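See structure below.
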2 protein chains.
Amino acid sequence: MGRTAGRSFDRMDVARAAWRVIVRDGLHEASVRAIAKELKATTGVVTYHFRDKEDLMLFALDRLSQGIEDAIDHQMRGAVGPDRLLRLLEATLPVGPRQAQGWRIWFVFTGYALAHPRLMEEHRRRLDRLRQRIATELSALRKVGAVAGTVKPLKEADAIVALGDGIGLSHLLRPELYPPARQREIMWTYLGPLLRRKGRDSPKSGRA
Amino acid sequence: MGRTAGRSFDRMDVARAAWRVIVRDGLHEASVRAIAKELKATTGVVTYHFRDKEDLMLFALDRLSQGIEDAIDHQMRGAVGPDRLLRLLEATLPVGPRQAQGWRIWFVFTGYALAHPRLMEEHRRRLDRLRQRIATELSALRKVGAVAGTVKPLKEADAIVALGDGIGLSHLLRPELYPPARQREIMWTYLGPLLRRKGRDSPKSGRA
DNA sequence: CAATTAATATAACATCTGTTATTTTCTTGA
DNA sequence: TCAAGAAAATAACAGATGTTATATTAATTG
């Protein structure tokens, strides 16, 4: 085989190489040859593991999406009450290098997807899942009395998603204006009036 | 010349054709030949008016940016008090077909620009100008006592920009979830606690 | 009207793209 | 050890791309 160690490439290796190329050089430069080069391999590896380029791109996007959801699950594990919502948002906002890079890839894909129905579908699904998760949390908080009974979870979730996406987008353009602390501050300025603080106030420092 | 009427093409005609292609087919399909075809002309027109493709793209983006600013100026003309901020936001949010299309182009360019320093510069400038304008309005409102003295205009402007961009992005992905009325509702839910309403409350219906 | 220039069309270029086919190399199992 | 199959490399192709050069046409001016 081609590599020094015994293991060979799999689909995930190719997808990761594609991510790196996209982050560094943009989607325009992410040709089959460039991705193979990033892998330190040849185009044969790519064509062997994927039917065509759309297959590769859909796979790369799907795995990115799934990785983000796994990160959300991981961060929320064991948390209760309003802390659950906090951690959920921490996993999506670009407050760390990992999230920031994910955001970047996602965003580049989004711009491309606007003219490609298949990719657009994937984006909508991700948005819907996030929306539902946030709404679920709000629902639970409402039952416990942590948010007002007048709050409609799905509608409020839409607003939170929009604010989160906006913070992510702004961060991509001007990272120095939207450091992690500022991101949290903006988000909690919005969330503040929504949550009936019993005892503690909004959090000062977040988790990585 | 090529066209039925006597007038010939100029740089703006080419830019408009580029916009249409980008909106319809995406940036990947916006080749020199495709843009010329959209113009119902040949590539000669494009190469005559622009040094190279980057020249064309920078021009197209610059004119888009300027068009949005002109729209802001036009909508704000004559308005006073909090109404000025309202109209400013109305001009940027995708509450009408014109703004929505502008948003779409802008967004596609942004995804592309992330790997292109020259275009990135232009994006940052636009963000900064918008930020400054919003901050100016908040400053004026603070002097009049319409917003609390504790509000820091620039910081608050950053949050508003983020929310606005988020609404625009969300609208692109799921227009049915973010119709104009909903966009305004989200924005004013955030702005509400910021503005000391004297007399009237937040607006129910906006301007086109 | 003729000559000059501006505007557009056409043609040709080298390069890059995704894809397919073929060949080589490595791994595995009997 | 050696055949069989998997994985990777290589080669080739048709088409598209940005760019440049040239030719053609329309407008302008004297």
Side-chain angles (χ1 to χ4, degrees), chain A residues 1-22 24-61 108-109 111-113 115-119, chain B residues 1-22 24-61 108-109 111-113 115-119:
Chain A
M1 291 185 177
R3 288 212 281 186
T4 53
R7 283 239 320 114
S8 62
F9 298 105
D10 63 358
R11 287 167 72 94
M12 199 55 208
D13 293 322
V14 181
R16 270 189 287 259
W19 291 349
R20 290 196 296 272
V21 175
I22 290 170
R24 177 167 19 90
D25 308 318
L27 204 50
H28 277 79
E29 307 301 320
S31 65
V32 173
R33 285 170 179 82
I35 293 169
K37 189 173 188 178
E38 173 71 26
L39 255 183
K40 295 186 196 306
T42 62
T43 63
V45 176
V46 180
T47 59
Y48 180 78
H49 289 283
F50 295 94
R51 185 165 338 113
D52 52 22
K53 200 184 178 184
E54 191 188 21
D55 189 24
L56 163 56
M57 288 302 168
L58 284 173
F59 181 82
L61 186 60
V108 172
F109 265 113
Y112 179 75
H116 295 75
R118 286 286 308 263
L119 283 175
Chain B
M1 292 186 176
R3 290 212 280 186
T4 52
R7 284 237 324 112
S8 61
F9 298 106
D10 64 358
R11 287 167 71 92
M12 198 55 209
D13 293 322
V14 182
R16 270 190 287 260
W19 291 348
R20 290 196 296 273
V21 175
I22 290 170
R24 176 164 23 86
D25 307 319
L27 205 50
H28 277 79
E29 307 300 320
S31 65
V32 173
R33 285 170 178 84
I35 294 169
K37 189 172 187 178
E38 173 70 28
L39 256 183
K40 294 186 196 307
T42 62
T43 64
V45 177
V46 180
T47 60
Y48 179 77
H49 289 283
F50 296 93
R51 190 182 6 261
D52 52 20
K53 201 185 177 183
E54 190 187 21
D55 188 25
L56 163 57
M57 288 303 167
L58 283 173
F59 181 82
L61 186 59
V108 173
F109 265 113
Y112 179 76
H116 295 75
R118 287 285 311 261
L119 284 174

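Residue numbers begin at 1 in each chain, while the letters A, B, ... track the order of the sequences. It should be emphasised that the depicted structure is a prediction, and the values quoted were computed from it without experimental measurement.
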Check: What integer distance in Å separates B:Arg11:CZ from C:dA7:P?
Finding: 13 Å

Note to self: How many whole angstroms separate atom NZ of B:Lys37 from atom P of D:dT17?
What the structure shows: 11 Å

Next item on the list: May I ask you to decide if A:Asp10's main-chain N or O and A:Asp13's side chain share a donor-acceptor pair within less than 3.5 Å?
Entry: yes

Notebook entry, point to check: How many Å lie between OH on A:Tyr48 and C1' on D:dG5, as a whole number?
Noted result: 9 Å

Item checked: Residues forming a salt bridge (Lys or Arg N to Asp or Glu O under 4.0 Å) with A:Arg33, sequence neighbours excluded -> none

Next item on the list: Only counting residues at least two apart or in another chain, list the ones meeting ring-ring contact (aromatic ring centres under 6.0 Å, His included) with A:Phe59.
Entry: A:Phe50

Note to self: Check this one for me: any side-chain N or O of A:His28 less than 4.0 Å away from OP1 or OP2 of C:dT17?
What the structure shows: no

Next item on the list: Measure the acute angle between the ring planes of B:His116 and A:His28, then classify it against the limits of 30° and 60° as parallel, tilted or perpendicular.
Entry: perpendicular

Item checked: Rounded interatomic separation in angstrom, taking CG from A:Leu39 and P from D:dA8 -> 9 Å

Check: Between B:His49 and B:Phe9, is the gap from one ring center to the other below 6.0 Å?
Finding: no

Filtered N/O pairs between nucleotides 18-22 of chain D and protein, under 3.5 Å:
from   : atom 1 : to      : atom 2 : distance (Å)
D:dG18 : OP1    : B:Lys53 : NZ     : 2.5
D:dG18 : OP2    : B:Val32 : N      : 2.9
D:dG18 : N7     : B:Arg33 : NH1    : 2.9
D:dG18 : O6     : B:Arg33 : NH2    : 2.9
D:dT19 : OP2    : B:Lys53 : N      : 2.9

Next item on the list: Rounded off to whole Å, could you give me the CG-to-P distance for the A:Asp10 and D:dA7 pair?
Entry: 11 Å

Check: Rounded to whole angstrom units, what separation is found between the CD atom of B:Glu29 and the C1' atom of C:dT17?
Finding: 12 Å

Next item on the list: Considering only NZ, NE, NH1 and NH2 on the basic side and carboxylate oxygens on the acidic side, decide whether A:Asp25 and A:Arg20 come within less than 4.0 Å.
Entry: no

Check: Expressed in angstrom and rounded to an integer, what is the separation of A:Ile35 atom CD1 from C:dT19 atom P?
Finding: 11 Å

